Amino acid sequence: MWKYIKEKYDIPDEAKQWVFELVCSAWRKYKSQLKTNHFKAYENDELRMENRPVDVPESHFKDLLKYWNSDPHKKMSKTNTENRNRLKCPHTAGRTPFSLIREAEMERIQST
């Protein structure tokens, strides 16, 4: 996907990081909404196919349903859900690591 963006659009070097992060974030959000609205919302594949999104070709959506229904994906999803639920302090600072936040806070405290 990145190669396509680089070839199709002339993005200034200063903006590349920001553009790629924005595209990545939008893509992840789209995939999440797609699964929530068109997979989890219906109890079987027949209903899911009847209510498939108009922007996804039928053949692609069939492949997607096959993937979401596969045992390896179900196992991975279950493991990820369990791990996420075990977090006592979920990371809510986006891409900023806690170490940088702690360092900035220490500098702020020391300067006062």
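Note that this is a predicted model, so its numbers are computed, not measured.
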* Do R108 and E105 sit within salt-bridge range, that is, some charged N less than 4.0 Å from a carboxylate O? -> yes
* **Intermediate values then yes/no, side chain to side chain contact (heavy atoms under 4.5 Å, CB included), D55 and Y30** => CA-CA 11 Å; D55 60 335; Y30 174 77; 2.9 Å; yes
* Asked: So, Y42 and N37: side-chain donor and acceptor under 3.5 Å apart, yes or no?
  -> no
* To do: For side chain to side chain contact (heavy atoms under 4.5 Å, CB included), just list the numbers for W68 and L34, CA-CA rounded to whole Å, side-chain angles, deciding distance to a tenth of an Å, and then say yes or no.
  => CA-CA 11 Å; W68 283 334; L34 186 69; 4.1 Å; yes
* **Neighbour count >12 (heavy atoms, 6.0 Å) for atom CD, E82** => yes
* To do: Compute both the distance and the angle, then confirm whether R48 meets the cation-pi test with F39: under 6.0 Å from the six-membered ring centre, within 45 degrees of the axis.
  => yes
* Asked: Is a side-chain donor or acceptor of T81 paired with a backbone partner of S77 at a separation under 3.5 angstrom?
  -> yes
* Kindly say whether K75 contributes a backbone atom to a donor-acceptor pair with the side chain of T79 at under 3.5 angstrom? => yes
* Spacing of CG belonging to N51 relative to NE2 belonging to H38, to within rounding of 0.5 Å -> 8.0 Å
* Tell me whether V56 is reachable from L47 by hopping between hydrophobic residues (I, L, V, M, F, W, Y) whose side-chain heavy atoms are closer than 4.5 Å. => no
* To do: Assess whether side chain to side chain contact (heavy atoms under 4.5 Å, CB included) is satisfied between K35 and K31, documenting all intermediate values.
  => CA-CA 6 Å; K35 188 170 184 182; K31 291 188 305 180; over 6 Å; no
* Asked: Any donor and acceptor pair, going by atom type alone, linking the side chain of R28 with main-chain N or O of S32 inside 3.5 Å?
  -> no
* Asked: Backbone N or O of E21 within a donor-acceptor pair of the S25 side chain at under 3.5 Å?
  -> no
* Got a second to check how far D45's CG is from L65's CG, nearest 0.5 Å? -> 5.0 Å
* **Side-chain (S70) to main-chain (Y67) donor-acceptor, under 3.5 angstrom** => yes
* To do: For atom NE2 of H73, decide whether the heavy atoms of other residues, nucleotides or ligands shown that lie under 6.0 angstrom number more than 12.
  => yes
* Asked: Between I11 and W18, is any pair of side-chain heavy atoms under 4.5 Å apart?
  -> no
* Got more than 12 heavy atoms from elsewhere within 6.0 Å of NZ, K66? -> no
* Asked: Do K62 and R52 have side-chain heavy atoms sitting under 4.5 Å apart?
  -> no
* Under 4.0 Å between a Lys/Arg side-chain N and an Asp/Glu carboxylate O for D71 and K74? -> no
